[in-house]
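Okay, structure first, notes after.
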Amino acid sequence: MNWISVKEARNPESIGKSVIIKGWVRTRRDSKAGFSFLEINDGSCQGNLQALAEACLPNYKEEVQKLGAGCSVSLEGEIRQSPAKGQPTELAASKIVVHGWADPLTYPMQKKGHTFEFLRAQAHLRPRTNTFGAVMRVRNQIAHSVHSFFQEQGFLYLNTPIITASDCEGAGQMFRVSTLDPEKPPRTPEGAIDHSRDFFGKQAFLTVSGQLEGETYASALGKVYTFGPTFRAENSNTARHLAEFWMIEPEVAFHNLEDNMDLAEAFLKRIVKDVLEKCAEDMDFFAERIDKTVRATLEVISQSSFERLSYTDAVAILQKSGQSFEYPVGWGLDLQSEHERYLTEKHFQKPVILTDYPKTIKAFYMRQNEDGKTVRAMDVLVPRVGEIIGGSQREERLDVLLERMRECGLPEEPYWWYLDLRRYGTVPHAGFGLGFERVVQFVTGMANIRDVIPFPRIPGWAEF
RNA sequence: UCCCCGAUAGCUCAAUGGUAGAGCAAUCGGCUGUUAACCGGUUUGUUGUAGGUUCGAGUCCUACUCGGGGAGCCA
């Protein structure tokens with residue numbers, strides 16, 4: 001007999017087949033007329049398979065009638081058309097084997113809905129809920145689409161290091177990686193900690209970005225992208241930040257900022273289109289239970305072109321908006337979350353790409369414009385999540401880059417290899433970084449980023 | 001890190017400073033091709049931790065821990 005998934009068993013084409021189903025019981029409903037209904041889920045899809053268990057089963061009284069949420073089972077039987085509403089098919093069970101019980105007195109997952117706060121403390125069991133099953137299937141689809149999109153366009157998947165000795169990437173606080181004894185570290189004659197005796201012979205950290213390394217490979221192989229874990233030791237406590245998250249960073253030689261924007265827009269549209277097509281049932285669930293507007297938002301993305309405007313124009317729009325913002329708007333000041341949200345949620349009501357920010361509020365490696373005041377930076381803003389992509393055309397001119405580093409007070413020496421890219425065969429190039437969890441958050445409508453990653457790492461929390 | 005709010009039964013929540021309750025879950029019974037099933041009975045507590053005020057604290061005060069919302073940093 002064939003073992004098939006719940007997804008396949010729910011398909012009317014399976015009617016008439018004798019099959020085996022393996023999964024977990026979601027709920028049981030008894031009928032005193034002499035049978036019980038079991039709802040079985042195996043993660044293959046959002047819906048459950050209803051199984052009909054009749055009293056003539058040899059273990060009906062001893063086992064079947066004691067099954068409850070969380071129990072694992074195998075069932076044999078025939079797929080039939082369901083006579084009642086609610087499901088296209090059902091399994092008429094001829095044999096039920098119980099693999100593992102779940103004591104209802106202690107099993108934390110109940111048939112009723114739980115708050116996300118409660119489920120975070122049960123992160124090992126929350127994948128058994130409807131919401132997390134749906135989130136993880138969509139997350140998987142997005143990861144698949146990321147690779148498909150880039151592979152189809154001839155990008156090379158590049159694995160940049162997770163441990164880095166550059167303590168100067170300038171992208172936030174870093175986690176230290178060390179094998180020194182924290183109780184009594186080796187000391188220099190002057191009394192400072194002697195990092196030369198650490199594992200790598202110098203201070204080492206977990207990466208905050210693979211961009212600089214990505215640029216080196218783009219400067220030889222043309223089109224590359226990274227997709228890997230990223231770490232930020234910032235004390236951020238928001239629904240949009242994690243200490244450990246996954247980031248996608250394409251880097252393309254001979255691309256300017258316009259090419260970069262085209263790539264970012266096509267990339268996001270592809271992800272949205274794939275999810276709408278291939279995760280329709282899960283998206284129905286999100287639209288019904290999580291965020292009623294999520295489907296409309298995604299349709300807008302896949303159909304309309306992103307609004308592109310300069311930072312300078314954005315500031316003018318904000319100043320003329322008549323809105324009262326908590327933080328001031330002015331040329332040279334960084335835009336606050338409330339400003340970005342106004343632009344993308346109210347003014348344009350679609351994704352917005354802001355470009356050409358003042359160089360004083362952006363990183364040293366971004367390409368300087370002719371005006372000497374702005375750089376070729378871009379931020380892609382989407383409704384509800386805010387900044388989802390940050391990128392730029394990179395400064396490929398050695399003299400300009402060195403001057404910028406001096407302005408930013410950065411030492412040249414640790415960047416010797418990065419500067420070599422400009423000394424030897426330099427090319428215009430551009431790239432961006434996309435927070436994977438923020439995309440999952442945006443696509444599913446989930447309110448908190450901690451609920452779109454299997455095991456969130458945040459300040460004060462690394463359980464599981 | 002800052003501001004605000006919160007922590008009471010397994011879960012979600014209620015309780016003028018005066019005997020700690022409901023719904024759901026669990027359990028027992030009834031009913032039904034049921035479907036967040038329904039109806040009736042039963043069980044469930046160191047009120048986050050440590051102090052303090054008071055005749056008396058779930059309730060007021062202080063500190064701490066944890067959580068949520070907002071902000072900053074960013075992806």
Side-chain angles (χ1 to χ4, degrees), chain A residues 26-40 47-54 66 68-70 80-87 90 92 102-122 129-130 169-173 208-211 226 229-249 264 289 325-327 334-338 340-341 361-363 379-382 385-391 432-442 447-453 458-461 463:
Chain A
R26 282 292 175 79
T27 180
R28 189 196 80 235
R29 294 181 291 272
D30 291 331
S31 167
K32 276 293 178 323
F35 47 88
S36 298
F37 295 102
L38 298 171
E39 296 262 353
I40 311 296
N48 302 322
L49 178 66
Q50 174 168 285
L52 183 65
E54 297 198 75
K66 291 172 184 164
R80 302 193 310 209
Q81 183 166 13
S82 180
K85 283 181 184 173
Q87 59 280 321
E90 65 183 24
D103 182 354
L105 288 178
T106 56
Y107 186 58
M109 299 291 109
Q110 296 177 359
K111 201 159 53 178
K112 211 164 189 283
H114 288 105
T115 59
F116 290 127
E117 295 83 54
F118 172 75
L119 291 174
R120 271 171 224 150
Q122 309 290 336
T129 63
N130 288 332
E169 292 182 23
Q173 295 290 109
V208 293
S209 164
Q211 181 200 316
T226 71
T230 309
F231 308 87
R232 302 278 166 91
E234 282 142 10
N235 194 6
S236 298
N237 292 289
T238 81
R240 307 183 301 283
H241 289 85
L242 293 164
E244 176 184 284
F245 63 100
W246 288 68
M247 187 154 67
I248 296 135
E249 295 180 287
R289 305 288 283 271
F325 294 111
E326 189 182 345
Y327 290 86
D334 209 351
L335 297 180
Q336 304 294 320
S337 289
E338 57 173 344
E340 296 178 345
R341 294 186 67 149
I361 57 174
K362 287 293 179 181
D379 282 359
V380 181
L381 313 176
V382 295
V385 171
E387 184 180 344
I388 200 165
I389 283 178
F432 59 81
L434 170 109
F436 183 52
E437 283 75 18
R438 287 197 181 167
V439 179
V440 180
Q441 206 186 339
F442 175 68
N448 197 311
I449 200 166
R450 298 168 191 183
D451 300 325
V452 298
I453 188 169
I458 55 173
W461 182 261
E463 189 69 53

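Lettering follows sequence order; numbering is per chain, from 1.
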Check: Could you give the CD1-to-C1' distance, from A:I40 to B:U35, as a whole number of Å?
Finding: 13 Å

Check: Any side-chain N or O of A:Q336 less than 4.0 Å from the OP1 or OP2 oxygen of B:G72?
Finding: yes

Distances for protein N/O vs nucleotides 27-33 of chain B N/O pairs under 3.5 angstrom?
unit_1: B:U32; atom_1: N3; unit_2: A:D30; atom_2: O; d: 3.1
unit_1: B:U32; atom_1: O4; unit_2: A:D30; atom_2: O; d: 2.7
unit_1: B:U32; atom_1: O4; unit_2: A:S31; atom_2: N; d: 3.4
unit_1: B:U32; atom_1: O4; unit_2: A:K32; atom_2: N; d: 2.6
unit_1: B:G33; atom_1: O6; unit_2: A:R80; atom_2: NH2; d: 3.0
unit_1: B:G33; atom_1: O6; unit_2: A:E90; atom_2: OE2; d: 3.4
unit_1: B:G33; atom_1: N1; unit_2: A:E90; atom_2: OE1; d: 3.2
unit_1: B:G33; atom_1: N1; unit_2: A:E90; atom_2: OE2; d: 2.6
unit_1: B:G33; atom_1: N2; unit_2: A:Q50; atom_2: NE2; d: 2.8
unit_1: B:G33; atom_1: N2; unit_2: A:E90; atom_2: OE1; d: 2.2
unit_1: B:G33; atom_1: N2; unit_2: A:E90; atom_2: OE2; d: 3.4

Notebook entry, point to check: Are any side-chain N or O atoms of A:E338 and backbone N or O atoms of A:E326, one a donor and one an acceptor, separated by less than 3.5 Å?
Noted result: yes

Checklist line | Rounded interatomic separation in angstrom, taking CZ from A:F116 and C1' from B:G68 | finding: 14 Å

Note to self: In whole Å, measure the gap between the P atoms of B:G51 and B:G70 for me.
What the structure shows: 36 Å

Check: A:S82 and A:Q87: side-chain donor and acceptor closer than 3.5 Å?
Finding: yes

Next item on the list: Could you measure between the two P atoms, the one in B:U42 and the one in B:G17, and give it in whole Å?
Entry: 32 Å

Item checked: Gap between atoms CG and P, on A:N235 and B:C73 respectively (whole Å) -> 14 Å

Check: Considering every strand shown, what is the Watson-Crick or G-U wobble mate of B:C13 when both distances are under 3.5 Å?
Finding: B:G21

Notebook entry, point to check: Using a cut-off of 4.0 Å on non-hydrogen atoms, how would the nucleic acid contact of A:T106 be classed: base, sugar-phosphate, or nothing?
Noted result: nothing

Next item on the list: Could you check how far CD1 of A:I458 sits from C1' of B:G68, rounded to whole Å?
Entry: 11 Å

Next item on the list: Keeping the roles fixed (side chain from A:Q173, backbone from A:N235), state whether a donor-acceptor pair exists under 3.5 Å.
Entry: no

Next item on the list: Report the distance from atom CD1 of A:I388 to atom CZ of A:F436, rounding to the nearest 0.5 Å.
Entry: 11.0 Å

Check: Has A:S337 got a side-chain N or O lying under 4.0 Å from the OP1 or OP2 atom of B:G72?
Finding: yes

Next item on the list: Could you tell me whether the side chain of A:E437 and the main chain of A:W246 form a donor-acceptor pair under 3.5 Å?
Entry: yes

Notebook entry, point to check: Is there a side-chain contact between A:R450 and A:L242, using heavy atoms and a 4.5 Å cut-off?
Noted result: yes

Item checked: Close side-chain approach of A:N48 and A:I40, heavy atoms under 4.5 Å -> no

Note to self: Can you tell me which nucleotide in B:U35, B:U12, B:C74 comes closest to the side chain of A:F118?
What the structure shows: B:U12

Item checked: Nucleotide paired to B:U44 in any strand shown, Watson-Crick or G-U, under 3.5 Å -> none

Next item on the list: Using the C1' atom on both, measure B:U19 against B:G45 and round to a whole Å.
Entry: 15 Å

Next item on the list: Would you kindly give the CD1-to-C1' distance between A:I449 and B:G69, to the nearest whole Å?
Entry: 17 Å

Check: Below 3.5 Å, does any donor atom in the side chain of A:S236 face an acceptor in the base of B:C74, or the other way round?
Finding: no

Next item on the list: Pick base, sugar-phosphate or nothing for A:Y327, based on heavy-atom distances below 4.0 Å to the nucleic acid.
Entry: sugar-phosphate

Note to self: By nearest atom, which of the nucleotides B:C74, B:G72, B:G69 is closest to the A:D334 side chain?
What the structure shows: B:C74

Check: Taking atom P in both B:G40 and B:U49, what distance in whole Å separates the two?
Finding: 36 Å

Note to self: Return the pairing partner of B:U49 with a 3.5 Å limit on both distances, Watson-Crick or G-U wobble; otherwise return none.
What the structure shows: B:A63

Check: 5'-most contact on RNA chain B: A:E387 or A:R450, nearest heavy atom basis?
Finding: A:R450

Next item on the list: Give none if B:C2 has no partner; otherwise give the nucleotide forming a Watson-Crick or G-U wobble pair with it, both distances under 3.5 Å.
Entry: B:G70

Note to self: Please report the distance separating the P of B:U16 from the corresponding atom of B:C11, rounded so that it comes out in whole Å.
What the structure shows: 23 Å

Check: When all nucleic acid strands are considered with a 4.0 Å heavy-atom cut-off, which category describes A:I388: base, sugar-phosphate, or nothing?
Finding: sugar-phosphate

Item checked: Distance between P atoms of B:U53 and B:U62 (Å, rounded) -> 15 Å

Notebook entry, point to check: Touch check for A:R120, heavy atoms < 4.0 angstrom, all strands: base, sugar-phosphate only, or nothing?
Noted result: sugar-phosphate

Note to self: Any N or O donor-acceptor pair under 3.5 Å from the base of B:C11 to the side chain of A:H114?
What the structure shows: no

Notebook entry, point to check: To the nearest Å, how far apart are A:L335 CG and B:C73 P?
Noted result: 11 Å

Check: OP1 or OP2 of B:G69 sitting under 4.0 Å from any side-chain N/O of A:N448?
Finding: yes

Next item on the list: Establish, from distance only, whether the side-chain atoms of A:R29 and A:Q50 form a donor-acceptor pair under 3.5 Å.
Entry: yes

Note to self: Has A:R120 got a side-chain atom pairing as donor or acceptor with A:D451's backbone, closer than 3.5 angstrom?
What the structure shows: no

Note to self: Would you measure the distance from the P atom in B:G10 across to the matching atom in B:A63 and give it in whole Å?
What the structure shows: 30 Å

Next item on the list: Mind calculating the distance between CG (A:L119) and C1' (B:G67) to the nearest angstrom?
Entry: 14 Å

Check: Between A:W461 and A:L434, which has a closest nucleotide on RNA chain B that is more 5'?
Finding: A:W461

Notebook entry, point to check: Are side-chain N/O atoms of A:S209 and A:E249 paired as donor and acceptor at under 3.5 Å?
Noted result: yes

Next item on the list: Just call it for A:E39: base, sugar-phosphate, or nothing, with non-hydrogen atoms closer than 4.0 Å on any strand.
Entry: base

Check: Which nucleotide in the list B:G68, B:U1, B:U34 gets nearest to the side chain of A:R29?
Finding: B:U34

Check: Within this structure, what is the CG-to-P distance between A:N48 and B:A37, rounded to whole angstrom?
Finding: 11 Å

Note to self: Please give the distance between the C1' atoms of B:A14 and B:U59 as a whole number of Å.
What the structure shows: 13 Å

